[in-house]
*Asks:* 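Mind having a look at this structure? Questions to follow.
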Number of protein chains: 2
Amino acid sequence: MMSQQQEIAQRIRELGFRLTPQRQLILDILSALDRHATATEIYDQVQSVSPAVNRATVYRTLNFLCEIRVLVAGTISGKTVYEIADPTPHHHLVCTGCKHVTVLGDHHFEELAAHLLDEHDFQADIDHLTIHGLCQPCRAAASG
Amino acid sequence: MMSQQQEIAQRIRELGFRLTPQRQLILDILSALDRHATATEIYDQVQSVSPAVNRATVYRTLNFLCEIRVLVAGTISGKTVYEIADPTPHHHLVCTGCKHVTVLGDHHFEELAAHLLDEHDFQADIDHLTIHGLCQPCRAAASG
DNA sequence: CTCGTTATTGCAACAATTCGCAATAAAGCA
DNA sequence: TGCTTTATTGCGAATTGTTGCAATAACGAG
Ligand SMILES: [Mn+2]
Ligand SMILES: [Mn+2]
Ligand SMILES: [Zn+2]
Ligand SMILES: [Zn+2]
């Protein structure tokens with residue numbers, strides 16, 4: 001039984017990449033936060049611990065970790081956010097009224113993915129979608 | 001029978017906003033382009049016609065026109081792109097292998113929207129989604 | 001443990017995007 | 001047409017994100 005951090009470390013090395021202190025720090029921060037965070041939020045936390053780490057390194061690390069699927073990125077209300085990827089994908093509903101964010105299981109999209117494969121010969125990679133709209137309370141408030 | 005530009009002009013005024021030369025120019029450019037364009041592409045074209053128009057105005061105008069739904073924005077292979085909104089929404093499939101972009105009709109998402117309303121009481125506003133994945137030729141190339 | 005390869009970093013310049021604020025001008029009205 | 005209101009612009013500066021390159025350091029081999 002490996003910890004999540006150990007599994008990630010192994011994955012990075014297996015792919016021929018290196019586990020640097022900068023990468024570990026960013027993973028620690030995201031692991032402790034346990035929620036969506038913007039690049040700036042992450043950079044600020046990195047700074048408060050290791051001021052020598054450069055901004056470019058943070059951006060490059062976030063992109064790198066997304067590419068090897070250790071992280072997932074998403075756009076929520078116009079902001080790019082990052083988090084550690086779950087073993088099973090999840091998605092989000094975002095209310096444009098109250099800005100509330102809810103989690104959505106992957107199964108809602110399986111049907112869609114099947115259609116895209118059937119009808120368009122396209123293997124969709126639906127990882128971490130965000131769907132904007134209006135929640136029930138906000139709809140009631142708007143129409144009432 | 002109104003032209004598309006006239007309808008947009010009317011919409012802007014009806015909502016209490018103003019139709020400025022800057023807004024008209026940006027709409028003309030997008031209308032002539034008739035495809036996805038980045039903010040930088042649009043700014044460059046604006047510059048070549050009206051060098052006095054400021055970069056901030058272009059960004060503010062693009063955001064404004066998206067908010068009132070005259071434009072739709074999207075993220076394609078990591079870049080934010082804009083285009084004039086069709087009367088009927090469309091979406092895109094983007095292959096991460098060959099970067100090819102295809103159009104997808106709205107009907108693929110009606111089922112999903114219905115589920116979200118039923119099961120989550122959420123009125124999804126699915127306007128202009130982008131789904132990344134692999135097209136058939138790229139899958140064949142990868143596995144073959 | 002030491003060495004060599006090369007992935008990764010820091011740096012610095014650059015490009016893209018956002019923001020506050022004072023000046024401008026669109027649109028409705030007399 | 002001329003006046004008033006205030007939405008919108010331009011400007012300058014701050015913030016955020018990207019890039020080329022030389023210096024550094026992770027990690028496998030010996
Ligand atoms: Mn998430
Ligand atoms: Mn489109
Ligand atoms: Zn809401
Ligand atoms: Zn392809």
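Everything numeric in this text was worked out from a predicted model, so none of it was measured. So that the names make sense, note that chain A is the first sequence line, chain B the second, and so on, each numbered from 1.
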*Asks:* Could you check B/Arg60 against B/Arg13 and say which one's nearest nucleotide on DNA chain C is further toward the 5' end?
*Replies:*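 The residue mapped nearer the 5' terminus is B/Arg60.
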
*Asks:* How many whole angstroms separate atom CD of B/Glu14 from atom C1' of C/dG28?
*Replies:*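 Nearest whole value for this atom pair: 16 Å.
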
*Asks:* Could you state the CG-C1' distance from A/Leu25 to C/dT9, rounded to the nearest angstrom?
*Replies:*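 Computing the A/Leu25:CG to C/dT9:C1' distance gives 14 Å.
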
*Asks:* Roughly, in whole Å, what's the span from OH in B/Tyr59 to P in D/dA13?
*Replies:*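 Atom OH in B/Tyr59 sits about 19 Å away from atom P in D/dA13.
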
*Asks:* OP1 or OP2 of C/dA7 versus the side-chain N and O atoms of A/Thr20: is any pair under 4.0 Å?
*Replies:*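 Answer is no, no contact under 4.0 Å.
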
*Asks:* Given A/His132 and B/Asp127, is the side chain to side chain contact (heavy atoms under 4.5 Å, CB included) satisfied, shown in steps?
*Replies:* CA-CA 9 Å; A/His132 293 259; B/Asp127 243 310; over 6 Å; no

*Asks:* Can you work out whether B/Gly16 or B/Ala52 has the more 5'-proximal nearest nucleotide on DNA chain D?
*Replies:*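 Final value for this comparison: B/Gly16.
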
*Asks:* Taking atom C1' of D/dG20 as reference, at what distance in whole Å does atom CG of A/Asn54 sit?
*Replies:*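 Going from A/Asn54 (CG) to D/dG20 (C1'), I get 14 Å.
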
*Asks:* In whole angstroms, how far is the P atom of C/dT17 from the CD1 atom of B/Ile42?
*Replies:*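 Whole-Å distance recorded here is 10 Å.
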
*Asks:* Would you kindly say whether A/His128 and A/His91 are connected by a side-chain donor-acceptor distance under 3.5 Å?
*Replies:*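 Looking only at side-chain atoms, A/His91 and A/His128 do not form any donor-acceptor pair under 3.5 Å.
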
*Asks:* Does the pair B/Glu41/B/Arg35 count as a salt bridge with the N-to-O cut at 4.0 Å?
*Replies:*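 Result for this pair is yes, salt bridge flagged.
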
*Asks:* Atom CZ of B/Arg55 to atom P of D/dA13: distance rounded to whole Å?
*Replies:*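 Those two atoms, CZ and P, are 16 Å apart.
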
*Asks:* Hey, which of these two, B/Arg18 or B/Thr80, hits DNA chain C nearer its 5' end, going by closest nucleotide?
*Replies:*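 The residue mapped nearer the 5' terminus is B/Thr80.
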
*Asks:* Picking from C/dT8, C/dG10, D/dT9, which would you name as closest to the side chain of B/Thr61?
*Replies:*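 Out of C/dT8, C/dG10, D/dT9, the nucleotide with an atom closest to B/Thr61's side chain is D/dT9.
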
*Asks:* Whole Å only: how far is the CD1 atom of A/Ile12 from the P atom of C/dT8?
*Replies:*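 Result: 9 Å.
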
*Asks:* When you measure from the side-chain N and O atoms of A/Thr40 to the phosphate of D/dT15, is any distance below 4.0 Å, counting only OP1 and OP2?
*Replies:*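 Result: no.
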
*Asks:* Please determine if a side-chain N or O atom of B/Gln22 lies less than 4.0 Å away from the OP1 or OP2 oxygen of D/dG10.
*Replies:*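 Yes.
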
*Asks:* Could you pull out the closest heavy-atom pair between B/Pro89 and B/Asp106, with the gap in Å?
*Replies:*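 In this case the closest contact between B/Pro89 and B/Asp106 is O-CB, 3.6 Å.
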
*Asks:* If you check every side-chain atom of B/Ala39, which of C/dT17, D/dT19, C/dA26 has the closest atom?
*Replies:*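 Closest nucleotide to the B/Ala39 side chain: C/dT17.
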
*Asks:* Quick one: A/Arg23 CZ to D/dA25 P, roughly how many Å, whole number?
*Replies:*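 In whole Å, D/dA25 P lies 15 Å from A/Arg23 CZ.
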
*Asks:* Applying a 4.0 Å non-hydrogen cut-off, can you work out what A/Tyr43 is touching in the nucleic acid: base, sugar-phosphate, or nothing?
*Replies:*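 Here A/Tyr43 touches no strand at all.
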
*Asks:* Is the phosphate of D/dG10 approached by B/Thr57 (side-chain N or O, under 4.0 Å from OP1 or OP2)?
*Replies:*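 It does, given that an N or O in the side chain of B/Thr57 lies less than 4.0 Å from OP1 or OP2 of D/dG10.
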
*Asks:* By the definition side chain to side chain contact (heavy atoms under 4.5 Å, CB included), identify the one residue from A/Thr61, A/Val46, A/Ile26 that meets it with A/Val53.
*Replies:*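 One option only clears the test, and that one is A/Val46.
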
